[in-house]
Amino acid sequence: MHPLPGFRDIYPEDFAIRRYIFHTWRTSARLFAFREYEAPTLEPASLYEKKNSGSEILEQLYRFTDRGGREVALRPELTPSLTRMLISHAPSARKPIRWFNIGNFFRYERQQKGRLREFSQFNADIAGESSPTADAELIALAIHILRSLGFTPSDIVVRLSSRSAWLDFTNAQNIPQNLLPELLSIVDKIERDPPEVIQHRLIQLGISPEALYQFINSPPEDAFSTLLSELTAYGCSDFIQLDLRIVRGLAYYTGTVFEIFDRQRSYRAIAGGGRYDTLAHTLSDGSLHLPAVGLGMGDVVLSNLILQTPHTLQKFHDWLSNDLDVEIYLILAEPSLRPQAISLVSQLRSSGYRVEFPLTTTKVAKQFASAEAAGARFALLVGSEWPRVKLKILAQRKEIELDSQSLPQSLNQIIQNLKTT
RNA sequence: GUGACCGUAGCUCAGUCGGUAGAGCACCAGAUUGUGGCUCUGGGUGUCGCGGGUUCGAGUCCCGUCGGUCACCCCA
């Protein structure tokens, strides 16, 4: 009995990092005033065909025919679903639209390092604003997330590029525009393929390798001036590097594109995104013009990186220590007081404490061991002293006797005092 | 889709020449009938991934298959 290839059972020990990442994604996006939304996990397969006809993306789709004879697919990405939602919502929505989503996505591919068949991804998009200031806001959000997780400019880099810059290049070189996709696919492979192969493909296209390398080596800074000055104002410039070799694979990008990598390049991209100003136009069959810019950040590479970078791992552990699974373990030393103990547990839970207690009668020593093993901060002993109870601060081995009547309130005070000392 | 390496307990792994399964950690119980991290004692919790073949006998050898890891491909 195994999960399917590329799918994972996630046990509570491993779920903690996901909770941490999701929490950081969600709180960061809300700090940037993005609103959360959701789209269906299962979509008509045609949603992915329309925007990318003839693409090999279709081979990586989990697709099947449902009982109603519909061709359906598990979503491999969110942008097409989002665009559909925007098409019906955008005409009456306040602009710019700033939305984010956290969800699971599926790709039928062989798994490898940093890549599974089901993964979680954070998506944030700004629609209805064509200025590069929107691109900057989105990149600033990505950096805010990574900073919140403890990453610094010496850990990661945002490689910034632009498809419109490449379009300008083709114009300046008198390269026919219909060769742009082929050119971009060559550029995309510059870092992976041997130079001879790149050279050969360029010459076949009638493009001068010298001109291309010169373009890459001296990016046209004017084309990025607004974006770069905004990012500097956000305090993000240390993370940014102009790098025209980034073009991204998807056909729908039209302007700014970017990818975020770990500096050691031990993984594929942590995040990526870009501007797609014509997708709404295409998907609405020309009825809506809606410029948009989007960002995607997956959980697989990110969690690996957090766990293997010492200072981000430390930050994760610090966060976990304030997010205990069990805060109070109630020890029932006198089984006849079980009803009173349960009532006390209920009060504490209503006050917001995470409380566990033994479901069957066991020895006190065993109960203390369970409290310890559960990682509880306090043990609350209910026994012969009733209606008084003993509160033990486990880490300090200190015990305080309290009146059970006053409990949730007196506990609040004790915790406040512990924090200030 | 192609290729390489790897599959033994929950985890990390040992298992000789082919002779019917073992260690540490973890877990459960007790030593200890109201106080936890140490110690001691007891407990194996297993479809040796699965199927077939060779053999008197297979965890071990052979074939197939499934799964894992990584690379290619592709990258949303």
Side-chain angles (χ1 to χ4, degrees), chain A residues 1-9 11-14 43 47-48 51-52 55-62 73-83 103-123 125 185 188-189 191-193 246-253 257 259 266-274 276 279 294-298 300-301 304 329-335 337 361-386 389-399 401:
Chain A
M1 290 283 286
H2 291 281
L4 289 167
F7 288 76
R8 288 279 158 123
D9 291 328
Y11 293 90
E13 304 81 80
D14 301 320
E43 290 279 15
L47 183 64
Y48 307 104
K51 67 164 197 181
N52 253 330
S55 164
E56 285 155 9
I57 281 175
L58 294 176
E59 290 167 22
Q60 296 173 352
L61 222 48
Y62 266 97
L74 289 169
R75 60 183 181 189
E77 58 161 331
L78 191 60
T79 307
S81 306
L82 167 65
T83 304
N104 283 14
F105 298 86
F106 307 85
R107 300 178 204 171
Y108 195 86
E109 292 179 296
R110 250 339 231 271
Q111 64 176 312
Q112 57 180 285
K113 192 179 182 185
R115 185 170 83 186
L116 296 172
R117 286 180 170 181
E118 180 182 18
F119 57 96
S120 302
Q121 188 163 284
F122 169 77
N123 280 271
D125 294 83
S185 97
D188 193 36
K189 291 190 167 55
E191 291 178 272
R192 291 191 291 267
D193 284 356
I246 298 295
V247 293
R248 293 185 65 71
L250 277 178
Y252 55 63
Y253 288 115
V257 286
E259 290 186 347
S266 50
Y267 288 97
R268 64 207 317 108
I270 303 164
Y276 51 100
L279 185 59
L295 156 75
M297 190 184 297
V300 182
V301 170
N304 286 343
Y329 194 100
L330 184 140
I331 289 168
L332 185 57
E334 180 47 68
L337 289 170
T361 305
T362 46
K363 292 177 184 171
V364 169
K366 190 66 67 185
Q367 294 186 50
F368 269 100
S370 296
E372 181 73 27
R377 181 166 292 157
F378 300 106
L380 186 64
L381 188 140
V382 173
S384 55
E385 304 85 355
W386 187 263
V389 294
K390 287 180 175 172
L391 179 76
K392 186 159 189 176
I393 305 163
L394 286 168
Q396 301 175 10
R397 294 176 164 265
K398 256 173 45 182
E399 220 169 56
E401 199 169 306

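So you know, we letter chains A, B, ... as the sequences are listed, proteins then strands, and number each from 1. Given the structure is predicted, the values throughout are model-derived calculations rather than measurements.
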Problem - N or O in side chain of A:Gln111 less than 4.0 angstrom from B:G68 OP1/OP2 - result: yes
Within the 4.0 Å heavy-atom criterion, would you say [X] contacts the bases, only the backbone, or no part of the nucleic acid?
X	result
A:Gly294	nothing
A:Arg248	sugar-phosphate
A:Glu399	base
A:Leu381	base
A:Glu385	base
A:Lys363	sugar-phosphate
A:Gly249	sugar-phosphate

Nearest-0.5 Å distance that lies between atom [atom1] in [X] and atom [atom2] in [Y]:
X	Y	atom1	atom2	answer
A:Leu82	A:Leu279	CG	CG	9.0 Å
A:Asp125	A:Leu295	CG	CG	8.0 Å
A:Ile393	A:Glu399	CD1	CD	10.0 Å
A:Arg115	A:Arg268	CZ	CZ	5.0 Å

[X] side chain: which of [options] is closest?
X	options	answer
A:Lys113	B:A71, B:A76, B:C75	B:A71
A:Arg8	B:U35, B:U69, B:A76	B:U69
A:Lys366	B:C75, B:A76, B:A29	B:A29

Handout entry: Which residues share a salt bridge (Lys or Arg N to Asp or Glu O under 4.0 Å) with A:Arg192, sequence neighbours left out
Key = A:Asp188
Using the [atom1] atom as the point on both nucleotides, what is the distance between [M] and [N], in whole Å?
N	M	atom1	result
B:G49	B:G68	P	15 Å
B:G15	B:U20	C1'	13 Å
B:A71	B:A14	P	24 Å
B:A58	B:G43	C1'	30 Å
B:U8	B:C13	C1'	9 Å
B:A9	B:C28	C1'	15 Å
B:C11	B:G64	C1'	30 Å
B:G59	B:G1	P	32 Å

Exercise for the section: Sugar-phosphate means primed atoms, P, OP1 and OP2; the rest is base. With that split, encode nucleotides 41-46 of chain B 5' to 3' as B, S or - using protein heavy atoms under 4.0 Å. Expected result: ------
Exercise for the section: Report yes or no: do A:Thr79 and A:Tyr276 form a side-chain donor-acceptor pair below 3.5 Å? Expected result: no
From [atom1] of [X] over to [atom2] of [N], roughly how many Å is that when rounded to an integer?
X	N	atom1	atom2	result
A:Arg268	B:A76	CZ	C1'	11 Å
A:Arg110	B:C72	CZ	C1'	10 Å
A:Tyr11	B:A26	OH	C1'	15 Å
A:Gln112	B:U2	CD	P	15 Å
A:Lys398	B:U35	NZ	P	21 Å
A:Phe122	B:A76	CZ	C1'	16 Å
A:Tyr267	B:U69	OH	C1'	13 Å
A:Lys392	B:U35	NZ	P	9 Å

Handout entry: A:Gln367 side chain to A:Leu332 backbone, donor-acceptor under 3.5 Å
Key = yes
Exercise for the section: Test for a donor-acceptor pair under 3.5 Å between the base of B:C74 and the side chain of A:Arg115, counting only N and O atoms. Expected result: yes
Exercise for the section: Hey, which sits more toward the 5' end of RNA chain B by its nearest nucleotide, A:Ala333 or A:Ala395? Expected result: A:Ala333
Handout entry: Residue mapping more 5' on RNA chain B - nearest nucleotide basis, A:Ala373 or A:Phe106
Key = A:Ala373
Problem - Under-4.0 Å salt bridge between A:Glu118 and A:Arg8 - result: no
Practice task
Mark yes when over 12 heavy atoms from residues, nucleotides or ligands other than A:Tyr108 sit less than 6.0 Å from its OH; otherwise mark no.
Solution key: no
Problem - Heavy-atom check, side chain of A:Leu78 versus side chain of A:Ser81, under 4.5 Å - result: yes
Problem - Smallest separation among heavy atoms of A:Pro76 and A:Leu61, with atom names - result: CG-CD1, 3.4 Å
Fill in the blank from the handout: Annotated structure of RNA chain B as dot-bracket, pair cut-off 3.5 Å, Watson-Crick or G-U only, | for inter-strand, is (((((((..((((.....[..)))).(((((.......))))).....(((((..]....))))))))))))....
Problem - Test log, rule side-chain contact (heavy atoms from CB on, under 4.5 Å), inputs A:Leu381 and A:Phe368 - result: CA-CA 9 Å; A:Leu381 188 140; A:Phe368 269 100; 3.9 Å; yes
